[in-house]
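Read the structure below first, then the notes.
Per chain, numbering begins at 1; letters A, B, ... match sequence-line order. Reckoned from all heavy atoms, side chains included, excluding hydrogens, waters and symmetry mates. Small disclaimer: the values here were computed from a predicted structure and weren't measured.
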Amino acid sequence: MAELPILQFEEKIIDTVQKNPVTVIIGETGSGKSTQLSQILHRHRYTKSGIIGVTQPRRVAAVSVARRVAQELGVRLGDEVGYAIRFEDRTSERTRIKYLTDGVLLRESLSNPELDQYSVIILDEAHERSLNTDVLLGLMKRLVKLRTSSLRVLITSATLDGEKVSKFFLDCPVLNVPGKLYPVEILYSKERPTSYLESCLRVAIDIHIREPEGDVLIFMTGQDDIEKLVAKLEDKIRSLEEGSCMDAIVLPLHGSLPPEMQVRVFTPPPSNCRRFIVSTNIAETSLTVDGVVYVVDCGYVKQRQYVPSTGMYSLDVVQISKVQANQRAGRAGRTRPGKCYRLYPSRVYEEEFLDVTVPEIQRSSLTGSILYLKSLDLPDIDILKFDFLDPPSSESLEDALKQLYLIDAIDENGSITSIGRTMADLPLEPSLSRTLMEANEYGCLSQALTVVAMLSAETTLLPGRSKGASKGAEKKRKHTPLELPDGSGWGDHIQLLQIFEQWDQNGYDVDWCKDHELQVRGMMFVKDVRKQLCQIMQKIAKGSLDVRPKERRKESRQDYKDLRKALCVGYAGQVAERMIRHNGYRTIGFKSQLVQVHPSSVVRSDEEGMLPNYVVYHELIVTSHPYMRNVCAVEMPWVTPILKKLEKISVSKLSGGSGHVGEETNRKIVDLPKKDMNVQVPDDHESRIQAAKERFLARKSKK
DNA sequence: GAGCACTGC
C-alpha cells in the first residue's frame with residue numbers, strides 16, 4: 001500500500017490531540033483521513049479507555065470505510081472494527097473502532113447523553129454540514145466541557161471552513177493534512193453563458209476533439225437538463241464520427257435513475273472509447289466515478305429550502321459555493337492530472353460564490369431537531385440559545401415551536417410533554433410520530449404504521465412520481481402495469497396504505513411489485529421501516545400503549561375514519577380549507593396561503609366536482625404553483641379543536657424555555673422586535689360550517 | 001395537467 005500523506009503527520013496529530021480536547025483536521029481528498037485517523041489513535045492506545053467513534057453523513061461511506069479499516073488491521077468486520085447504520089448494527093463487545101452515520105450517533109445520545117462509551121469521537125466530512133452534523137457539533141461543544149479529560153473530539157473539514165470551526169471550539173488547533181490529488185488545471189469562461197446547456201455541449205465536444213483520452217464528468221442541475229444534454233451530445237458525436245476521434249458513450253447519472261442504470265458508471269469503458277457522464281451533484285460526494293480526467297462545472301445546483309414564514313418548501317437552482325466548486329474540480333484529479341472547465345468567470349467565483357454551502361440547518365424545518373434537543377433534557381442548556389455553528393433564524397425556531405405545540409409535543413410554556421418524549425423516540429418527522437401515537441389510541445396503529453413507513457420511501461416508490469423509469473421504458477413495456485388501488489377517494493395516504501396491504505396479501509411478492517411498476521428496493525425498505533417502528537412502539541408500550549400489529553377490519557366498506565382522524569391530529573399544523581366556490585385551498589395556520597392539490601394526488605372530488613372541504617397535507621412545495629403534496633381528506637369537527645388551539649397560542653410563552661433558565665431567556669426573547677404571531681382563522685369559517693352542514697343534509701336526503 | 005437535487009434516524 002502506498003504511503004498515505006496523513007501518516008507523516010502521525011506524531012503531530014497525537015501530540016495535538018493529547019493536549020487539546022478538540023482538534024480540527026483539514027484533510028483534502030485522498031489524505032486518508034477517513035481510514036487512518038481512527039487507526040492512528042488506536043495505535044496510541046486511545047481504544048484502551050473506550051471506543052473510537054467515527055461518524056459519516058452517508059450509510060455507504062460508513063460501511064465501506066469500516067470494511068477497509070477492518071481489512072487493513074486484519075480483523076473480521078464486526079469484531080474490533082464495526083459499523084452501525086439504520087437496520088444494521090455490525091458491532092460487538094469487542095468493537096473498538098466504530099463507524100456510524102451521524103444520525104445513529106444522535107439516536108445513541110438519546111439513551112446515553114454523555115456518550116461515555118466513547119473515548120474519541122471523530123466527526124468526518126463535517127464540511128458537508130448536514131443537519132445531523134450541525135446538531136452533533138453543538139452537542140460536542142457541550143460534551144467536551146462535561147467530560148474534560150475523558151473525551152477527545154476530532155472534526156474534519158474543508159480548507160475554507162477550518163478557521164470558523166476552530167473559532168467555534170474556542171480557538172482549538174487546526175491541522176492541515178495535504179491530499180493526494182493530482183493537479184487540476186482550472187479554466188474559466190470569459191463570461192457567463194446565456195444557455196449553459198449549449199455551453200456544456202460546446203465545451204464537451206471541444207474536449208472530445210482536442211484532448212487526449214480520459215472521461216468527462218459534467219455537472220448539471222437536474223434530470224431534465226441531463227436528459228436534454230445527453231440527447232444533444234449523442235447527436236453531435238454521431239455527426240462527428242468518420243474516424244476523426246475516438247468512440248464515445250454518454251451516460252446520465254442522477255438519483256431517480258434505477259440502481260442498475262446508476263451502476264453503469266462503474267463499468268470501465270472499452271479501450272479507445274471516451275465516456276461522458278452527465279450528472280447531478282450526486283457525483284460530487286455520494287458516488288465516485290473512476291477514470292474522470294475532465295470536469296465541466298455549470299456552477300449551479302438544485303437546492304431545497306424551507307421558508308418558515310409560509311411553511312413551504314421550494315426547490316431552487318442556486319449558485320454553488322467555493323467548497324462545492326473545488327470538490328467538483330477535484331473529481332478530475334483522482335487518477336492523473338486533469339482539467340476543470342468552469343462555465344463562469346473567475347470573478348464570479350471569487351466575488352459571488354459563498355465560501356461554504358448554506359448549511360442544511362438554515363434551509364430546513366427545525367421541528368424534528370428542536371424536539372430532539374428538548375427531549376435530551378440538557379439541564380445546562382436552553383434550546384433557543386443552543387450553540388449552533390451557524391444558528392438558524394429566530395423565525396425558524398419559532399415556527400418549530402408553534403408546530404410542536406400544535407401537536408402536543410410541548411406545552412404552552414414550551415416544555416416538552418410526555419407525548420413529546422415518546423415522539424422523540426421514533427425515527428420520524430414529528431407529525432408522523434404524533435399520528436402513530438394517536439392511531440394507537442384509536443386502535444388503528446397497524447394502518448398508521450404502514451402509512452408512515454410508506455411515506456418515508458414514497459419518492460422512490462410510485463411510477464410517475466419519480467419519472468425515472470417512465471419515459472424511456474414506456475415504449476418498451478410489454479404489458480401495461482396492473483392498476484394500483486386509488487385510495488378510495490380519501491387521498492394519497494390511504495392509497496399508500498392500500499398499496500402496502502395488497503402487497504402484504506400477495507405475500508410480499510417481488511413480481512407483484514414489478515407488475516405494478518413499484519420499485520422492489522423501495523418496497524423492501526418500507527417493510528424494514530415498518531418493522532423497526534413496530535419494535536419501537538412495542539418497546540415504548542410497556543403495557544401503556546396498545547400495539548396490535550395485525551388487526552383486521554370486519555366491514556368491507558371502509559371510510560378509514562380513525563386513521564384519517566389520527567392523521568389530522570399529527571398534521572395539525574398542515575391543514576387546509578377549500579374555498580367555497582372552487583377547488584383552491586387556503587392553509588389554516590399562522591400565515592394563510594393559497595394553495596392547490598398537487599396534480600398527482602388521488603384525492604377525489606364529489607359528484608358536483610368539488611374536492612373535500614378539509615384536507616391535511618404532508619408538505620407544501622412551490623414549483624409552478626404552491627402545491628400540497630400527499631393530501632388526505634379530513635372532517636370539519638376534527639379541525640375545530642385545532643383552530644381553538646391556534647387562537648390561544650402565544651409565541652413569547654412558547655419561547656419561555658424549560659423553566660431552568662426562564663427569566664434570562666424571557667428577557668432575550670422579548671428583546672427581539674417581534675409580536676405574537678398573527679393567527680389567521682378564515683373569516684368565513686362560520687358560514688363554511690353552515691354550508692358544510694347543508695351539503696351534508698342535502699346528500700343524505702338524496703340517498 | 002404537473003414534474004423531485006441529495007442525504008438520514
When rounded to the nearest 0.5 Å, the distance separating CG of A:D408 from CG of A:L404 is 10.5 Å
Out of B:dC6, B:dA2, B:dC9, which nucleotide sits closest to the side chain of A:P599? B:dA2
Among B:dC6, B:dG3, B:dC9, the nucleotide that comes nearest once only the side chain of A:T623 is considered: B:dG3
What contact category does [X] fall into here, base, sugar-phosphate, or nothing, at under 4.0 angstrom with non-hydrogen atoms?
X: A:N281; value: sugar-phosphate
X: A:V301; value: nothing
X: A:I85; value: sugar-phosphate
X: A:I282; value: sugar-phosphate
X: A:S130; value: nothing
X: A:R107; value: base

What is the distance from [atom1] of [X] to [atom2] of [N], rounded to the nearest Å?
X: A:H127; N: B:dT7; atom1: NE2; atom2: P; value: 15 Å
X: A:F525; N: B:dC9; atom1: CZ; atom2: P; value: 8 Å
X: A:M628; N: B:dG1; atom1: CE; atom2: C1'; value: 16 Å
X: A:D316; N: B:dG3; atom1: CG; atom2: P; value: 13 Å
X: A:E125; N: B:dG8; atom1: CD; atom2: C1'; value: 15 Å
X: A:D528; N: B:dG8; atom1: CG; atom2: C1'; value: 15 Å
X: A:L428; N: B:dC9; atom1: CG; atom2: P; value: 13 Å
X: A:Q324; N: B:dC6; atom1: CD; atom2: P; value: 13 Å

With side-chain hydrogen bond (donor to acceptor under 3.5 Å, both in side chains) as the criterion, how do A:Y306 and A:Q362 come out once you've worked through the C-alpha distance, each side chain's angles and the decisive distance to 0.1 Å? CA-CA 8 Å; A:Y306 180 70; A:Q362 295 183 333; over 6 Å; no
Relative to the ring of A:H493, is the ring of A:H618 parallel (under 30°), tilted (30 to 60°) or perpendicular (over 60°)? perpendicular
Return the orientation label for the A:Y344 and A:F353 ring planes: parallel under 30°, perpendicular over 60°, tilted otherwise. tilted
Whichever of A:T221 and A:R58 has the more 5' nearest nucleotide on DNA chain B, that residue is A:T221
Check each of A:V230, A:V295, A:L217, A:V250 against A:I277 using the side chain to side chain contact (heavy atoms under 4.5 Å, CB included) test, and report the only one that passes. A:L217
So, is [X] near the phosphate of [N], with a side-chain N or O under 4.0 Å from OP1 or OP2?
X: A:R304; N: B:dT7; result: no
X: A:S456; N: B:dC9; result: no
X: A:T280; N: B:dC6; result: yes
X: A:T101; N: B:dC9; result: yes
X: A:Q223; N: B:dG3; result: no

One thing to verify: whether A:E108 and A:K98 come together as a salt bridge, which I'm taking to mean a side-chain N less than 4.0 angstrom from a carboxylate O. yes
